[in-house]
Protein chains: 2
Amino acid sequence: MPKLMKTAFDPISGVSMSRERNDIDYTMLNSLVGYRLRRAQLAYFENFTATCTEQGVTPGLFGILAIVYHNPGLTQTAVAQAIETDRSAMVAAVDKLEKLGLIERRPAENDRRSYALFLTGHGITFTENLHRKVLKHEAHFEEVMKDGEKDWLLDLLTRIIDLDR
Amino acid sequence: MPKLMKTAFDPISGVSMSRERNDIDYTMLNSLVGYRLRRAQLAYFENFTATCTEQGVTPGLFGILAIVYHNPGLTQTAVAQAIETDRSAMVAAVDKLEKLGLIERRPAENDRRSYALFLTGHGITFTENLHRKVLKHEAHFEEVMKDGEKDWLLDLLTRIIDLDR
DNA sequence: TATTGTTATACTCTATAACTATA
DNA sequence: TATAGTTATAGAGTATAACAATA
C-alpha cells in the first residue's frame with residue numbers, strides 16, 4: 001500500500017496534524033506522546049515477535065532468556081521482578097523453556113524452596129543467535145534515523161523509563 | 001524508592017549497560033530499541049490509563065472517542081480500521097460508550113446495514129476535558145526532555161510508524 | 001509470620017468463524 | 001457475491017488468591 005501523507009500544522013495545539021492514508025483525522029491522538037509511543041512500539045514489536053516466532057519462542061520467553069543469560073542463578077521470583085511480571089506467570093513460561101531444552105531449574109543452594117535458573121549450553125547459543133537476529137531486524141528501522149538519532153532515542157527513552165523510579 | 005544507577009559502557013556492543021536498581025544486568029534487553037520503546041510506552045500508559053480510569057473509561061474507549069470527535073459520522077467498521085482493531089471488538093465498546101451517554105449510533109443514510117457514530121453534546125465536552133487532563137498528565141514526562149526534544153521525539157516516532165505503510 | 005513455587009481463577013485484549021440483514 | 005453489525009468462542013497476557021513446603 002502506498003503511503004500518502006498530507007501534513008498540516010494546527011496553530012492552536014502546536015501539533016502537526018495528519019490526515020493519514022485512510023483520510024482519517026488523528027489530531028487528538030497524535031497530540032499525545034503516549035499514543036505515538038504505543039504505535040511505534042507496536043511497529044517494532046510486530047517485527048520482534050515475528051523474529052521470535054521463527055525461532056519458536058515468544059517475546060516474553062526471550063525476555064526471560066536475556067535476563068538469565070546475563071544473570072545466571074537467579075530464582076524464578078527474581079526473574080519475575082526483573083521483567084516486571086507476576087511470579088505465578090513464570091511457572092508455565094519456565095516449563096516451556098525447560099521443554100525446549102533452553103533453561104534448567106537447579107535446586108538453590110541455601111534455600112530449599114527455590115530454584116536457581118541457568119541456561120543450558122544450547123540455551124546460550126540459542127539466545128545469542130536470537131539476539132543477533134533481532135538486532136538485524138531492528139536495523140530496518142534505522143533507515144529513518146539520521147546520524148546519532150538512535151543513541152539520542154535510546155537515551156531519551158531511558159530517561160523516561162527512569163523518571164518515576 | 002531512590003533511583004541508583006551505575007552506568008557503564010560496553011565497548012563490544014556499543015551499548016550503555018546499566019545494572020539497575022535491583023542490581024540486575026539488562027544488557028541484552030537494553031540493546032534493543034524495541035524493548036526500551038516498550039518500557040517507555042508502559043510508563044506513559046500507566047499514567048494515561050489512570051487518567052482515563054478516573055473519568056470512567058479505558059484507553060481503548062478514549063481512542064474511539066478521539067476518532068469520532070474529529071471524524072463524526074464514521075461507521076463502526078471505519079473506526080475499527082482507524083484504531084486497527086477488529087470490528088467485532090467494536091460492538092461491546094460502542095455499547096459501553098452509548099450507556100455512558102457519550103456516543104450515539106444513528107442509522108446510516110445510504111446503507112441500512114451500518115450505523116454512523118456521533119458524539120453526544122456531553123460526549124464532546126467529556127472528550128475535550130479528558131484530552132486536556134491526559135495532556136496535563138503527560139507534561140510530567142517533559143521534565144526529562146530538553147528544549148525541542150519533544151518535537152523531535154514526536155517526529156522520529158512518526159517516521160517509525162510510517163516506515164512500513 | 002513471611003516467602004517460594006505452584007495451581008486455580010478471572011479479566012482484558014485480540015483474533016476467528018459464523019450468522020443475519022442488507023448491498 | 002460481498003459487506004456491516006453481531007454473537008460466540010478461543011487464545012494470549014496479566015493479576016489475585018490460596019495452598020504446601022520451607023524459611
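Computed from a predicted structure; not experimentally measured. Proteins come first, then strands; the chains are lettered A, B, ... in the order of their sequence lines, and each starts at number 1. Heavy atoms only: backbone and side chains are in, while hydrogens, waters and symmetry mates are out.
- Note: CD (B:Gln81) to P (C:dA15) measures 14 Å, nearest angstrom.
- Between A:Leu74 atom CG and C:dT4 atom C1' there is a gap of 14 Å when expressed in whole angstrom units.
- A cation-pi contact, defined as under 6.0 Å to the ring centre and within 45° of the axis, is absent between B:Arg38 and A:Phe48.
- Partners of A:His140 by side chain to side chain donor-acceptor pair (under 3.5 Å), not counting sequence neighbours, listed by chain and number: A:Glu143, B:Asp164.
- The outermost nucleotides of DNA chain D lying under 4.0 Å from heavy atoms of chain A, listed 5' to 3', are D:dT16 to D:dA23.
- Distance alone, capped at 3.5 Å, is enough to place a donor-acceptor pair between the B:Thr125 side chain and the B:His122 backbone.
- Listed by chain and residue number, nothing satisfies the side chain to side chain donor-acceptor pair (under 3.5 Å) test with A:Tyr44 (two or more places apart in sequence, or in another chain).
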What donor-acceptor contacts under 3.5 angstrom involve side-chain atoms of residues 91-101 of chain B, with partners at least two apart or in another chain?
residue : atom : partner  : partner atom : Å
B:Asp95 : OD1  : B:Arg105 : NH1          : 2.9
B:Asp95 : OD1  : B:Arg105 : NH2          : 3.1
B:Glu98 : OE1  : B:Arg105 : NH1          : 2.9

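- Listed for the B:Asp25 side chain is no donor-acceptor partner under 3.5 Å among the backbone atoms of A:Asn71.
- Regarding B:Glu84, its CD atom lies at a distance of 13 Å from the C1' atom of C:dT14, rounded to whole Å.
- With sequence neighbours left out, the ring pair (Phe, Tyr, Trp, His ring centres under 6.0 Å) criterion links A:Tyr69 to no other residue.
- A:Thr127 has its side chain out of reach of A:Val68: every pair of non-hydrogen atoms, C-beta onward, lies at least 4.5 Å apart.
- Contacts of residues 95-116 of chain B with DNA chain D (heavy atom under 4.0 Å): B:Arg105, B:Arg113, B:Ser114, B:Tyr115.
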